[in-house]
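Below, chain A is the first sequence line, B the second, and so on; all start at residue 1.
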Amino acid sequence: MSATNKDMVWVFAEQSDGELADVGLELLHKARTLAKKMNSEVSAVLLGHEVEALTSTLIAHGADNVYLLDDKELKDFRSLPYANLITKLVEEKRPRVVLFGATHIGRDIAPRVASHTRSGLTADCTELKIETLTIRKVEHEDLLLQIRPAFGGNIIATIISPDVAIQMATIREGVMEMGEPDSKRKGKVIPVPVALDPVEIAVKIIEKHQEPSGVNLKGAPIIVAGGYGADTPEKFQLIKDLAKVLGAEVAGSRAVVDAGLIDSERQVGQTGTTVRPKLYIAIGISGAIQHRAGMQESQKIIAINNDPEAPIFGVAHYGITGNLEEVLPKLIAAYKSQLH
Amino acid sequence: MSLHTIVLVKQVPDTSNISGDVMRPDGTVNRARLPAIFNPEDQEALELALRLKDLHGGTVTALTMGPPNAANMLRECLYMGADRAILVSDRRFAAADTLATSYALSKAIEHIGEYDLIFGGRQAIDGDTAQVGPQTAEKLNIPQIAYTLEVQNLDLSKRTIRAKRAIKNGYEILEAPLPVLLTVTKDAAEPRPFDVKRLCVYKRAQSKFEIEATVDDSHDLVWMDELMEKVKAEDLLIETWNIEDIDADVAMCGLAGSPTKVHKVENVVLSGSEFKKVPATPEGLNDMITELMQDHIFG
């Protein structure tokens, strides 16, 4: 790789109906840290139709350059045109690092781009770092350490792609911090011509339905979450009662989603939403890494579990050992008494 | 014309059932201690393919890359209704990442030849990457429909398929030309139970490895070939292909063909935050709430 290439860290700036996905902005913030270590700039790649207005937001959030691919065929996301255009740009410019949100869209196209360019790609990373590593006496500069829980969340694996030029990763929404935008930042918008073959746009969108979710876990200051230990409607009602008293959002681990007690959009964890509220109350949640990955950055964590050995206590600030049927009514009563 | 469907299936360790002795002291996983199961979303993918076969006729081929014991899962595919089962297995495929896996699968698919549809689960529960489907589609240079929820219509005369797929906060319906690869999400199609008649027949289905294991040193290679022919003639052969059979480049397979490498694996270390044990008494809970109020967490 050439030492003069200053354009080595890229972020796919996902947008839908002219609205940027938070995850792209979060990744730009992370990309700045990675790029600093590599002495590189940060570039955002934006595809869509009539989306030029979004470029200033991307620059404010950390992009030095925005590659803008604007065409009416790109108005709605489709795998082939999006993946092929990004592939072409990656092949031409040869960045060292390309980051995608682990969204429906990112997980759809990143594998195609990585496959065509024979790049390393790691899904659902929870942390990224740049390091120079010596492997079998060969020094590898600017390696992207792709860190993710693996094997059902029982271990943390660090993945590297030492033998290829381009290193890619997907990262779930909310995992990285967004950072404050700086409207005074300067950046370049680089329009990229869009040429598509009929074969690339042969898949047609017949219908599309999207309803903004009424749930805003990411924005909730207090979250009350239930898990395997609360997987009956009766027990879960106590969790809802507590949430109501505290003015909190209700959430849960995969166990209660699978039990049908809450919608999947309320699932916290590696395969759900990542949250960082002021207070997270984990009730009957043992604390497998998949769940912890989605909540351990909370400012304060209260864990309530009848198993004193539950791993959730390892990330909690306050631990209460006991059955939720006994603890929750007492907690509700104690909170109410302090309000008066 | 008849419909040819390939279903990509994988036998996976049941990661939802990890007990203490599965984890080695160094933090690595002892796969041998985990029960091997049919990846749930792949089973739903097979069900979707079989439903299309019920409607339109044609053939369904189950294809896996994996160790010899993946034949167990392929027999289950035959019990459910697959017409053909193929095990791509070779020591040189070991430690393949998603890129090397999709390369091998795409070479096997090219070796199968004709196909109209390829189904696969969205992701496997041992990796949760959701990368092999799209990467296989890319290698075959065909479009994909990821996160498929249901197939709405297959028009064989126009050679198009309509499918409903999940997107953020909703769904969309896509129409794609054949051939196309679809990845299937959980709950798309409840897999049918094993067909009892098929189970009686195909429990005797064998892979090349299993046939080899029945042959001892007193027999020569010709005898082995004859045995294979016999099993094949009875339609009980789980076809078993190695690197040469699918004409794959060794350098693109297994660890050598995998750009991603595991640098290190660690046990999960809990960040030791300041921790207070709170007694489940009114006094204990009151003290905790007072502290949280002082920290401006409440109110």
Side-chain angles (χ1 to χ4, degrees), chain A residues 16 79-80 103-104 107-108 111-112 114-116 118-124 145 151-152 154-164 202-213 271 278-279 289 296 299-300 311 313-322 326-327 330-331 334-335 338, chain B residues 15-16 18 23 27-29 98-99 102 125-131 134-135 137-139 143-144 146-147 162 166-177 259-268 270-278 280 282 285-286 288-290 292-293 295 297-298:
Chain A
S16 176
S79 315
L80 272 192
T103 59
H104 283 86
R107 283 160 68 97
D108 197 323
R112 283 195 88 105
S115 172
H116 198 88
R118 295 200 52 74
S119 310
L121 171 65
T122 302
D124 294 341
L145 270 51
F151 222 78
N154 293 272
I155 50 179
I156 298 275
T158 301
I159 313 289
I160 50 173
S161 313
D163 305 319
V164 291
V203 176
K204 304 255 179 296
I205 300 170
I206 307 295
E207 262 179 74
K208 188 168 171 175
H209 293 269
Q210 270 175 307
E211 270 174 43
S213 148
T271 54
K278 281 164 78 176
L279 177 64
I289 173 74
Q296 61 194 1
Q299 208 177 322
K300 292 284 177 193
F313 289 122
V315 294
H317 303 88
Y318 298 96
I320 305 168
T321 308
E326 287 159 30
V327 176
K330 282 187 203 161
L331 184 58
Y335 182 76
Q338 294 223 5
Chain B
T15 50
S16 61
I18 292 193
M23 300 298 295
T28 59
V29 177
T98 65
L99 191 74
S102 57
I125 59 169
D126 59 344
D128 288 333
T129 72
Q131 288 174 188
Q135 291 189 316
E138 193 284 326
K139 299 251 175 276
Q144 71 204 30
Y147 295 93
R162 263 187 200 205
I167 56 176
K168 190 179 183 188
N169 298 329
Y171 66 88
E172 67 184 8
I173 294 164
L174 297 183
E175 185 176 276
T260 60
K261 318 266 183 215
V262 177
H263 173 55
K264 65 181 175 192
V265 164
E266 290 159 291
N267 256 326
V268 175
L270 300 177
S271 56
S273 51
E274 13 100 46
F275 176 75
K276 269 189 198 152
K277 214 167 148 57
V278 179
L285 296 171
N286 266 318
M288 178 182 77
I289 291 166
T290 306
L292 287 168
M293 284 183 164
D295 289 348
I297 299 293
F298 282 137

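Annotation: maximal heavy-atom pairing with chain A below 4.5 Å, among B:Ala176, B:Gly170, B:Pro134, B:Ser102, occurs at B:Pro134. Looking only at heavy-atom pairs under 4.5 Å with chain A, the residue among B:Glu172, B:Lys277, B:Gln144, B:Lys168 that has the most is B:Gln144. Contacts with chain A were tallied for B:Val262, B:Leu285, B:Ile167; B:Ile167 has the most, counting heavy-atom pairs under 4.5 Å.
Residue contact with chain B, scored on non-hydrogen atoms closer than 4.5 Å, involves the side chain of A:Leu80 exclusively. When heavy atoms are compared at a cutoff of 4.5 Å, B:Tyr171 approaches chain A by way of both its backbone and its side chain. If you measure heavy-atom distances from A:Asp108 to chain B, the contacts under 4.5 Å come from both the backbone and the side chain. Heavy atoms closer than 4.5 Å to chain A are found in both the backbone and the side chain of B:Ile289. Of the atoms belonging to A:Lys300, it is side-chain heavy atoms, and not backbone ones, that fall under 4.5 Å from chain B. Of the two parts of A:Leu121, the backbone and the side chain both hold a non-hydrogen atom closer than 4.5 Å to a non-hydrogen atom of chain B. Contact annotation for A:Gln299: only side-chain heavy atoms (C-beta onward) come within less than 4.5 Å of a heavy atom of chain B. Interface remark: A:Ser79 contributes side-chain atoms only to the contact with chain B (heavy atom separation under 4.5 Å).
A donor-acceptor pair is defined here as one N or O able to donate and one able to accept, closer than 3.5 Å; no such pair exists between the side chain of B:Glu175 and the backbone of A:Lys204. Not a single donor-acceptor pair under 3.5 Å links the side chain of B:Lys261 to the backbone N or O of A:Pro162.
Expressed to the nearest 0.5 Å, how far NE2 of A:His104 lies from OG of A:Ser16 amounts to 12.0 Å.
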